[in-house]
Amino acid sequence: GLEIPRAAATNAAMLLVNLSFVLVFYKELKITSFDPAQATTIGINANGMHYALMTLVAATTIAAFESVGSILVIAMLIVPGAAGHLLNDRLSRMLAISLIIAGLSAVMGHIGAITVPGWFGLRDTSTAGMMAVAAGAIFICVFFFAPRHGVTSRAFNRILLSMGIIRDDILAFLYRFQELAPEGSAPVSASDVENAVKAGRIAKLAMWDLVRRRLVNQSTNGLALTEEGRSMARSLVRSHRLWEAYLCDKMGFCAGYVHYSAHRLEHVTDQAMQDKLGFTPRYAEHYH
């Protein structure tokens with residue numbers, strides 16, 4: 001019959017032990033890992049769970065050393081978990097994603113060890129090493145392109161956030177201009193808007209986006225709010241004035257830079273928050 005290698009049998013046994021341990025003690029492992037003090041107060045032996053987990057990690061590492069060597073063991077201990085954490089913050093999903101990444105690394109590495117050396121005229125290479133390379137390649141992709149924690153995604157989200165703030169600033173500026181300007185005044189020119197919001201080239205993109213969303217009308221004379229844009233701008237300005245009033249009257253924070261604090265808060269204030277501030281629109285109109 002087909003003889004199973006001793007290393008494969010050892011690793012399979014360790015897999016079953018680890019899987020059984022995690023499934024049986026998942027809740028205990030979860031709470032002792034994140035809050036051992038709380039675990040102790042509800043009767044879970046945090047130290048016992050810690051040492052049991054460390055013992056299994058050590059046993060698994062020793063078993064894996066025999067078959068794949070130190071390179072793959074270290075790669076598989078670190079990379080799948082780190083990549084899984086970048087992809088999801090929920091522990092159960094993180095564990096599942098880590099297992100998938102580890103499996104992909106193993107398959108891709110084995111295929112790469114067979115095929116890649118032939119591209120360079122070589123016979124073969126270390127399967128464990130190629131698995132580590134595959135794991136590293138997956139991690140690099142996740143590091144840059146993970147939906148929430150990836151470098152590229154975070155940079156893109158920061159750009160979107162900046163764009164949203166600049167759009168709000170333009171709407172509020174146009175509203176204040178129309179509020180204070182005499183009736184029949186000419187619209188605000190695009191250059192005046194750029195100078196007011198001090199956002200550089202991104203202000204032009206923000207103005208284009210506001211026109212695209214039909215919040216602002218653009219003509220040869222300049223920019224003017226549409227009805228929908230005026231409604232949104234009114235809410236922004238009201239939020240700003242409510243925060244200035246609240247910070248000054250309720251918290252005694254009446255320094256000259258209260259405007260900047262209110263400016264930051266207005267972008268995250270919805271109607272429910274406005275209502276909870278406890279001011280009426282008429283009262284808020286006194287705070288510019």
Side-chain angles (χ1 to χ4, degrees), residues 2-34 36 46 48-120 122-153:
L2 183 64
E3 183 179 355
I4 300 176
R6 186 171 66 88
T10 302
N11 287 330
M14 287 305 308
L15 172 63
L16 291 176
V17 171
N18 288 328
L19 184 61
S20 300
F21 180 75
V22 172
L23 291 176
V24 172
F25 296 105
Y26 176 76
K27 292 182 179 178
E28 290 80 359
L29 287 169
K30 184 177 180 180
I31 191 170
T32 54
S33 296
F34 291 99
M49 295 302 301
H50 170 75
Y51 287 119
L53 179 62
M54 291 300 101
T55 299
L56 282 177
V57 170
T60 304
T61 303
I62 294 171
F65 269 142
E66 182 181 355
S67 56
V68 298
S70 60
I71 295 176
L72 184 60
V73 170
I74 295 172
M76 287 302 180
L77 280 175
I78 298 173
V79 175
H85 181 50
L86 288 173
L87 289 170
N88 202 285
D89 293 328
R90 190 176 182 87
L91 181 61
S92 57
R93 295 176 183 174
M94 191 189 308
L95 292 174
I97 292 170
S98 300
L99 290 174
I100 293 172
I101 291 174
L104 284 175
S105 301
V107 173
M108 291 170 58
H110 181 67
I111 295 174
I114 297 172
T115 59
V116 172
W119 301 347
F120 303 96
L122 303 174
R123 291 183 57 187
D124 56 17
T125 188
S126 168
T127 300
M130 286 301 295
M131 288 181 181
V133 170
I138 292 174
F139 178 79
I140 289 173
C141 292
V142 171
F143 180 75
F144 281 102
F145 302 110
R148 183 176 178 184
H149 299 298
V151 173
T152 304
S153 302

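One is the number of the first residue; the rest follow in order along the sequence.
With hydrogens and angles ignored, the 3.5 Å screen pairs a side-chain donor or acceptor of T32 with a backbone N or O of L29. In this structure, the side chain of S153 does not engage the main chain of H149 through any donor-acceptor pair within 3.5 Å.
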Exercise for the section: Start with the C-alpha distance between V79 and I138, add both sets of side-chain angles, then the distance that settles side-chain contact (heavy atoms from CB on, under 4.5 Å), and finish with yes or no. Expected result: CA-CA 9 Å; V79 175; I138 292 174; 5.9 Å; no

Exercise for the section: Could you walk me through whether L91 and Y26 pass side-chain contact (heavy atoms from CB on, under 4.5 Å), step by step? Expected result: CA-CA 10 Å; L91 181 61; Y26 176 76; 3.8 Å; yes

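Minimum heavy-atom separation, G109 to A134: N-CB, 3.9 Å. Across all non-hydrogen atoms, the minimal contact from F145 to T152 is CE2-OG1, 3.9 Å. When all heavy atoms are compared, the tightest approach of M49 to E28 is CE-CB, 3.9 Å. Contact between D89 and R148 at its shortest, heavy atoms only, is OD2-NH1, 2.9 Å. G84 and I101 get closest at one heavy-atom pair: N-CD1, 4.1 Å. Taking both residues in full, the closest heavy atoms of A106 and M76 are given as N-CE, 4.2 Å, listed atom of the first, atom of the second, then distance.
The shortest distance between side-chain heavy atoms of V142 and L87 falls below 4.5 Å. The shortest side-chain heavy-atom distance between I78 and F139 does not fall under the 4.5 Å cut-off. Side-chain contact between H110 and M130 is absent, with no heavy-atom pair separated by less than 4.5 Å. Within the 4.5 Å cutoff, the side chain of L99 has no heavy atoms near those of the L95 side chain.
Note that CD1 of I74 and CZ of F65 are 6.0 Å apart. Values are rounded to the nearest 0.5 Å. Put simply, OG1 on T10 and CG on L15 are 12.5 Å apart, with the number rounded to the nearest 0.5 Å. If you take CG on L104 and CD1 on I97, they are separated by 11.5 Å, rounding to the nearest 0.5 Å.
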